[in-house]
Amino acid sequence: MLRSHRCGDLRAEHIGSTVTLSGWVHTRRDHGGVIFIDLRDVAGLVQIVFNPELSRTSYETAESLRSEFCIQVTGEVRARPEGTINDKLSTGEIEVAAGGIEILSRSETPPFQIDEHSDVDEMLRLSYRYLDLRRERMQRNLQMRHRIVSAIRRFYDAEGFTEIETPMLTRATPEGARDYLVPARLHPGTFYALPQSPQLFKQLLMVAGLDRYYQIVRCFRDEDLRADRQPDFTQLDVEMSFVEIDDVLDSTERMLKSVWREVLDVELADFVRLPFEESMDRFGTDKPDLRYAMELVDLADVFASTEVKVLASVLGDGGLVKALVVEGQGGLARKELDALVDQAKSLGAGGLVWIGVAPEGFKSPLDKFFSDDERAGLLKVTGAREGDLVLIVADARHAVVHKVLGNLRVRLAERFGLVPEYNPGDPDYWQFAWVVDFPWFERNEEEDRWDPIHHPFTGVVEDTVEYLETDPSKVISKSYDITLNGWELASGSIRIHDATMQSRVFEALGIGGEEQREKFGFLLDAFKFGAPPHGGIAPGIDRIVALAAGESNIREVIAFPKTQTAFDPLTGAPAPVSEDQLEALYLRSVAPKDSERGSSRQTGSTAQRKA
Ligand code: ASP
C-alpha cells in the first residue's frame, strides 16, 4: 500500500511513530525556511512540516508543490508545539515532520478552490465534478448516502424481504411523466421505454409469490426539472403481499425510524396522519411543512353576508375565501405588499387582499367596505393580533385558493425565519406525516378527462367503487404519501389485484378494451391466475438523503447529477450521434441544427470556456 495511515485518522496516540501518507495538497504555507502543508485524503486533513534541517531534498520538493498535487509523504508524527494546537481539526494536536516525499501526480491550477467556503457557479462545479466531489461537504454527503442505503438494506433483509432486479429496457409504466425511449435495433420502428418505476414488475413478483420485495432502483422520468427532481433518480421500491394500508404504513415507518436512528442518532416520534382533505384545508398542499404553524383559515362564516362584492360573489358561487396570518408583519411597506400581490397573481389568483392590523384599525384597501362585525369576526377567526398581517385569497376554484396560500405560506415562512435551522439531532426538527385518503381521480380540463392522482393500478376504497362510472370525483383511493418538512418523500398504495376491477378503472380513465389489451394485457392476464392482495410504496432515495444531510437540492447528494435542463456538463450528454448510428436504428433526425438547439448545451460549453 502507498500509505500506512489515512491523513485524517492520525491522533495524539500516534506521536512517535513513523507514518506514510498519501493525499492531496490542500494548502501550502511558506514560513521563512519551513513549509507547512495541509495534506488531505478521504479521512480529513493533517499538517505536514518540511524543514530543510530534517531533509533538504524533501524541503526542495515541497517548494515546488501546488494545490491539488497528489503526493506521498513519510515522516514522524509529533505533538504540535505549545500554542499551535488547532481545536477545529480532529488531527489538530499533532503534525507530521516530513522525512521523505514523492510526487505521485501533478495538478494544473484547479478552476476553483477545493474548500468549503468558496461560492462556485454550479455549471462550473458540474463540469469538474471530480474536483467538486473532493470537497469535504460532498464527500460527507456521498458517505451519508451510502450509510442510509445500507441501513435500508439491513432493515429489509432482517424483515425477510428479497432484493430483486427488474428490467431497465421495458414497456412504458405510466407514472404520469413522459418516457425516455430507446430504439430497438432488432425490431425496427419499435422502442423500449426506460422504467418510470418498476411498478408492474413488482406487482408481477407478488403474483409470482415472492411475498416481500424491495429494490434500490434507478427510474427515469422525462419531465420539467426542479430542485427535488432529476431525469434519472433512485427509488427504494417496495411491495408486499397479503397486506392492508396499515401494514405498509407500519413497516415503512419502522424502516425510516431505524434509518434515522442508525445514521442520525435520533429517535423519531410517530408520524402524524393527515387525511388529504384536511391537509389541503389547513396547509393548502398535500405536502405540508409542519415545522411551523401559519395555517390557512376559512373566512366563509365571517363574510357570509358581506357587502364586499368580490367576496360575496365568490362565496355565492360555492368558492372559498381563506386567509393566513403573518405574525408581526403588519407594517410591511407598500412596495412589499404589492410584490406579494404580484406573487399571488403569478400563482393564478385574481388578486390578494392584505390587511395590516394596526392600533388605529385595519390598514387595507378593502377596509372601508368591511362592517364592524366582519372586522371583529376576522380577528376572532384568524387569531390575528395588533402588528400582524392578514392575507386573503378568494376564488371560485378551491384549488387556486389552496395553491396560492399554500405557496405563500412556504415563501413567507422562509422569508420571515419561521423555518428552523437544520438540526438533525432534534426529533422535533423531523416533521414526518402520512397523507392518506386521497381522491382517486383528478380532473384534466385541458384534455377533458379524468387522470389518476397516483397511478392506474391503485386500489379503490370499497364503498366508493360505485362512483367509478357515475362521479369519479367521489372515488377515494387506497394510496398514501409520506411528507417530511414540506417534501414528498414517498408514494404508495394498496393495488387492484382483480382483472375485472382493473378493467373498470381503465375504462374510467378512458382507456378502452383494445388499448387495455395492447398496453397492459400481460398484467390483466396475470391477474387471472390467483393474484394475491398486495401493496407497496416507493420512497425517493435522493430526497431522503438530501433532507437527512440538510441540503435543499438533491443534486448535492448525487455523484453525477444533471442540470435543471437535464444536461450533463461533464460528459456533454445528451449528445448528437452519427448518421450511421441513426441509420442502424432506422431513425432520421428532424431536430433543429446545432446552432438552433436549446440553450442548455451552449451554457455547458460556456462553462467549459470559463474554466
Ligand atoms: N410506483 C409508485 C411511484 O413510483 C410508487 C408505488 O406505488 O409503490 O411513485
Side-chain angles (χ1 to χ4, degrees), residues 152 156 161 163-168 170-180 193-207 210-223 226 228-241 243-253 255-256 276 286-287 434-442 451-461 476-484 487-497 502 505 509 520 523 531-544 554:
I152 290 172
Y156 284 113
F161 284 68
E163 181 162 15
I164 304 172
E165 289 164 272
T166 50
M168 290 286 116
T170 178
R171 270 199 91 120
T173 13
E175 293 277 1
R178 234 178 248 272
D179 290 315
Y180 278 100
L194 299 180
Q196 290 187 34
S197 85
Q199 184 61 36
L200 298 179
F201 288 104
K202 67 175 171 175
Q203 292 193 235
L204 294 178
L205 288 170
M206 296 303 104
V207 179
L210 268 303
D211 195 77
R212 294 281 186 277
Y213 144 96
Y214 82 102
Q215 183 181 197
I216 310 277
V217 62
R218 200 59 76 86
C219 301
F220 306 84
R221 294 182 193 178
D222 186 1
E223 55 194 345
R226 299 192 303 236
D228 59 355
R229 281 193 189 156
Q230 280 279 299
D232 52 340
F233 61 98
T234 310
Q235 273 192 354
L236 157 63
D237 200 43
V238 178
E239 198 72 9
M240 306 158 78
S241 285
V243 289
E244 292 174 328
I245 293 180
D246 283 340
D247 304 301
V248 183
L249 268 47
D250 169 67
S251 130
T252 313
E253 186 167 329
M255 180 275 294
L256 286 165
F276 170 83
D286 56 1
K287 40 179 190 240
W434 285 105
V435 182
V436 295
D437 302 337
F438 282 87
W440 205 106
F441 296 92
E442 69 189 339
D451 285 340
I453 285 191
H454 195 38
H455 52 56
F457 317 103
T458 297
V460 178
V461 167
I476 301 296
S477 84
K478 292 189 181 175
S479 72
Y480 29 78
D481 278 4
I482 300 176
T483 69
L484 170 57
W487 287 38
E488 182 192 310
L489 217 56
S491 291
S493 60
I494 297 299
R495 325 297 183 188
I496 298 166
H497 67 279
Q502 185 66 71
V505 166
L509 291 168
F520 306 110
L523 180 74
H534 60 284
I537 193 161
I541 296 286
D542 308 303
R543 293 180 187 182
I544 290 182
I554 62 170

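Atoms within each ligand, like the ligands themselves, are counted from 1 in listed order. Worth knowing before you read on, the calculation uses all heavy atoms, side chains too, and leaves out hydrogens, waters and symmetry mates.
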Query - Exceeds 12 heavy-atom contacts within 6.0 angstrom, atom CD of Glu223 - result: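 Result for CD/Glu223: enclosed.
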Query - Donor-acceptor contact below 3.5 Å, side chain Glu239 vs main chain Leu204 - result: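 Looks like no, no N/O pair under 3.5 Å.
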List the atom pairs, donor and acceptor, that lie under 3.5 Å between side-chain atoms in residues 532-541 and the rest of the protein, sequence neighbours left out.
residue : atom : partner : partner atom : Å
His534  : ND1  : Pro532  : O            : 2.8
His534  : NE2  : Gln203  : NE2          : 3.0

Requested in this report: Indicate the ring-plane relationship of Phe457 and Phe520, choosing parallel, tilted or perpendicular according to the 30° and 60° boundaries.
Outcome: perpendicular
Query - Atom-level proximity to ligand 1, residues with heavy atom under 4.0 Å - result: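 Residues within 4.0 Å of ligand 1: Glu175, Ser197, Gln199, Lys202, Arg221, Gln235, His454, His455, Ser491, Gly492, Arg495, Gly536, Ile537, Ala538.
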**Report entry** Under the side chain to side chain donor-acceptor pair (under 3.5 Å) test, residues paired with Trp434 that sit two or more places apart
**Finding:** Glu253
**Report entry** Test ring pair (Phe, Tyr, Trp, His ring centres under 6.0 Å) applied to Tyr480 - qualifying residues, sequence neighbours left out
**Finding:**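 Tyr480 satisfies ring pair (Phe, Tyr, Trp, His ring centres under 6.0 Å) with no other residue.
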